[in-house]
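Okay, so here's the structure we're looking at.
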Amino acid sequence: MEQLVIRDAEVVDGSGEPSYRADVVIDGGRIVSIVKEAAAAGCQRPRAVRELDAEGLVLSPGFVDMHAHSDLALLRDPDHSAKAAQGVTLEVLGQDGLSYAPVDDRTLAEVRGAIAGWNGPGDDIDFDWRSVGEYLDRLDRGIAVNAAYLVPQGTVRALAVGWEDRAATPAELDHMRRLVAEGMAQGAVGLSSGLTYTPGMYAPDAELTELCRVVAEYGGYYCPHHRSYGAGALEAYAEMVALAREAGCPLHLAHATMNFGVNKGRAPDLLALLDEALAAGADITLDTYPYTPGSTTLAAMLPSWANEGGPAAALTRLTDDGTSERIRHHLETVGSDGCHGVPIEWDTIEISGVTDPALTAFVGRTVQESADARGESPWTTARRLLLTDRLGTTILQHVGHEENVRTIMRHPVHTGGSDGILQGTKPHPRAYGTFPHYLGHYVRELGVLSLEECVAHLTARPAARLRLPDRGLVREGYRADLVLFDPRTVAAGSTFAAPRRLPTGIPHVLIDGRFVIEDGRRTDALAGRAIRRTPL
């Protein structure tokens, strides 16, 4: 007697091929049998201890969030419905070059301050790890969904070099190589960079290339948040393509958007660049979220020189009136490298979260709106927030273009990534809605992708990038990481007005054959574990 049979499901198996009707049998955390309707005619259908009637539902592999910021949320919140309710069964952490391993006591404190806006200050977390392997072991104690990890290049540089804008010495470069090799050997799937964030942005291409050579030796991939998504975006993409090819390392472009007014309608230019490289043999994938605004911290907008030395040094500079005026000039006139080389438009910067409750009144309003209400300049308002909130303020940046979003998501190497920041009173709705938004809005309502194409983008394609031999497809012998959703009603519940509302139309989610969402409700199962790199 088998353990579970999902009966009469419309199987969209992740391959991109047409769907089919079948009974799917699960035992021991794996798919042990798939009996198609035609094959079942006239013969006894499979039976199990438990049967689930999936009439009217699509059964697909679990969704893979290729760009997640749940590094602490998975430890803080056992429920984690923000992702589990979307059908996400695997998240890739360690993004944008900044996370919590490998660290020592000094860099842990520095990183916690630098990305408090992404993950909270972490006062509620027992940081009982220092290495990548120890962090993965911590995840293995039980988490809501599976998680893989990228070695964060900025954290590595902070540990080996510091937060200064200078070249690494040969000894420091060797130290960084060792740190990356250790992280990969301990199970990381690749290397991330945040090349508009300090200190990772201080690394020249030659340094990044050397680290990518190490990653390639272990069969991993490089995932850069590159040097510009605004002015010079195409040049920044080309730089990463050339760097990865020089290193012989597979490339995965993080949140591959073309934003700001200078890039309106220019997605075809990006895809032409990628197609040329792919035709020449490059190994490239990318991820996007299906929304136009971006999301990050307010401190990320500052010019790199203002952040040099780490969070404490940045706060010191902000308290000095003369230095503050230089920062304002770079932001508003020159175009800060933190703002992608484009002069900042304060009416596009919406405050989405603060760590100091006394600042809650700023949330949900643009910096320009708050400044107008207070009768002061936008920079005065922004400076107050940065200082009082100690760089912990998060923002939505309304600078994207819908036609670019749709064009890029159609590309054959595209995958889905939420880039979801779960902190703040009013986070970006992509954190709670990315995957049902693809299925409901872009598949059912707009027809930008077929259902089979979209599921392949969200499942098999990212599993292939992660080199997971038994995930990402509905196949016999594969892990039973599965989602059942109603294609007629699946939709993101989250909106910009109500960003934490859970999706509709996803009644069941299984990880390793265990229900984490059942009949639309979160169970108490902690079925997730660390997913370590498959050895070469």
Within the 3.5 Å criterion, strictly below it, is a donor on [X] or [Y] matched to an acceptor on the partner's side chain?
X      : Y      : result
Ser418 : Tyr432 : no
Arg383 : Ser324 : yes
Asp389 : Thr393 : yes
Glu308 : Trp163 : no
Gln397 : Thr348 : no

Return the [atom1] to [atom2] distance between [X] and [Y], rounded to the nearest 0.5 Å.
X      : Y      : atom1 : atom2 : result
Ile349 : Ser370 : CD1   : OG    : 12.5 Å
Ser228 : Asn259 : OG    : CG    : 9.5 Å
Leu139 : Arg529 : CG    : CZ    : 10.0 Å
Ile284 : Met240 : CD1   : CE    : 12.0 Å

Please report whether the ring centroid of Tyr100 lies less than 6.0 Å from that of Tyr135.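 They do not qualify: ring centres at least 6.0 Å apart.
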Answer with yes or no after comparing the ring centroid distance for Tyr229 and His225 against a 6.0 Å cut-off, counting only values under it.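 Yes: the rings meet the under 6.0 Å criterion.
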pair [X]-[Y]: side-chain heavy atoms closer than 4.5 Å:
X      : Y      : value
His69  : Ile115 : no
Gln95  : Trp118 : no
Val483 : Phe435 : no
Val92  : Asp65  : no

Counterpart residues, salt bridge (Lys or Arg N to Asp or Glu O under 4.0 Å), relative to Arg479 (two or more places apart):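 Scan of Arg479 (salt bridge (Lys or Arg N to Asp or Glu O under 4.0 Å), adjacent residues dropped) gives Asp470, Asp512.
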Please identify each residue that fulfils salt bridge (Lys or Arg N to Asp or Glu O under 4.0 Å) with Glu182, with sequence neighbours left out.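 If we apply the salt bridge (Lys or Arg N to Asp or Glu O under 4.0 Å) test to Glu182, skipping adjacent residues, there are no hits.
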Which label fits Phe127 and Trp129: parallel for a plane angle under 30°, tilted from 30 to 60°, or perpendicular past 60°?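 The arrangement is tilted - the two ring planes meet at 30° to 60°.
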Does the Ser70 side chain pair with the main chain of Ala73, one donor and one acceptor, at a distance under 3.5 Å?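 The answer is no, because no donor-acceptor pair under 3.5 Å joins these two groups.
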Flag, side chain of Arg227 to backbone of Met201, donor-acceptor distance under 3.5 Å: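 Indeed, once roles are kept as given, a pair shorter than 3.5 Å links the two residues.
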Could you walk me through whether Arg157 and Glu164 satisfy the salt bridge (Lys or Arg N to Asp or Glu O under 4.0 Å) test, starting with their C-alpha distance in whole Å, then the side-chain angles of each, then the deciding distance to 0.1 Å, before giving a yes or no? CA-CA 10 Å; Arg157 198 172 211 272; Glu164 293 76 34; over 6 Å; no
Filter on side chain to side chain donor-acceptor pair (under 3.5 Å), then keep only pairs touching residues 284-294, sequence neighbours left out; what's left?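 Of all non-adjacent pairs touching residues 284-294, those that pass side chain to side chain donor-acceptor pair (under 3.5 Å) are His252-Thr285, His252-Asp287, Thr285-Arg465, Thr288-His414, Thr288-Tyr438, Tyr289-Arg430.
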Can you tell me if Arg521 has over 12 outside heavy atoms packed within less than 6.0 Å of its CZ?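 No, because the 6.0 Å sphere around CZ of Arg521 holds 12 heavy atoms or fewer from other groups.
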